[in-house]
Amino acid sequence: MLPSYPPLQKSQVVKLVRNSMKVMTLAIGDGANDVSMIQIADVGVGISGQEGMQAVMSSDFAISHFKHLRKLLLVHGHWCYTRLANMILYFFYKNVVSKLCETFIINTFKFCNLLSKCHKNPVVERTVISEM
């Protein structure tokens with residue numbers, strides 16, 4: 001919490017924490033002086049309040065009261081994690097099915113090509129068999 005610092009200093013603190021600790025940062029603000037901090041952070045949350053809507057307009061997520069932050073982080077964060085995990089599973093499934101179909105089609109064409117070569121010259125096969 002940086003309540004009395006100027007906006008530039010707030011954004012520099014967020015940038016310092018993100019770069020030195022190599023973590024994702026979340027900034028929460030409720031007024032125009034928090035806009036730069038919200039924009040620098042990886043995730044910005046704006047609280048609509050008496051100071052205006054500048055923080056809400058520049059944030060990733062907007063909430064009406066500070067008490068809704070727990071639901072935003074726990075519930076919506078869990079849903080986002082679940083959706084991302086399902087998307088990754090679908091991505092692997094799609095690639096495996098695609099490669100299996102591709103392999104089947106290529107092998108089918110190779111086999112058909114081999115059969116067509118064998119049936120083009122039946123006389124040559126007969127002569128080779130009769131010479132043995």
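Hydrophobic clustering keeps Trp79 apart from Met87 (ILVMFWY residues linked when any side-chain heavy atoms are closer than 4.5 Å, directly or through intermediates). At a threshold of 4.5 Å between side-chain heavy atoms, the hydrophobic network of Ile, Leu, Val, Met, Phe, Trp and Tyr places Met24 and Val45 in one connected group. Connection of Phe66 to Leu72 is established within a shared hydrophobic cluster, with ILVMFWY side chains joined at heavy-atom distances below 4.5 Å, either directly or through further cluster members. The hydrophobic cluster containing Ile47 does not contain Met53, counting ILVMFWY residues as joined when their side-chain heavy atoms lie under 4.5 angstrom apart, directly or transitively. When hydrophobic clusters are built by joining Ile, Leu, Val, Met, Phe, Trp and Tyr residues whose side-chain heavy atoms come closer than 4.5 Å, directly or via intermediates, Ile38 is not grouped with Leu26.
A heavy-atom distance below 4.5 Å is found between the side chains of Ile88 and Phe92. For the pair Glu102/Ile106, a side-chain contact is recorded, criterion being any heavy-atom separation below 4.5 Å from C-beta on.
When all heavy atoms are compared, the tightest approach of Ser58 to Gln39 is CB-NE2, 3.7 Å. Across Asp30 and Ala55, no two heavy atoms sit closer than the pair C-CB, 3.8 Å. In this structure, Val14 and Met37 approach most closely via the heavy-atom pair CG2-CG, 3.5 Å. Counting all heavy atoms, side chain and backbone alike, Lys22 lies closest to Asn19 at NZ-O, 3.1 Å.
For the pair Asp60 (side chain) and Gly44 (backbone), a donor-acceptor distance under 3.5 Å is present. Within the 3.5 Å criterion, the main-chain N or O of Lys94 finds no donor-acceptor partner in the side chain of Ser98. Side-chain atoms of Thr25 come within 3.5 Å of backbone atoms of Asp42 as a donor-acceptor pair (strictly under, hydrogens ignored).
The side-chain contact (heavy atoms from CB on, under 4.5 Å) with Tyr93 is formed by just one residue from the set Val96, Asn95, Val97; it is Val97.
Between the CG atom in Asn33 and the NZ atom in Lys10 there is a gap of 4.0 Å [rounded to 0.5 Å].
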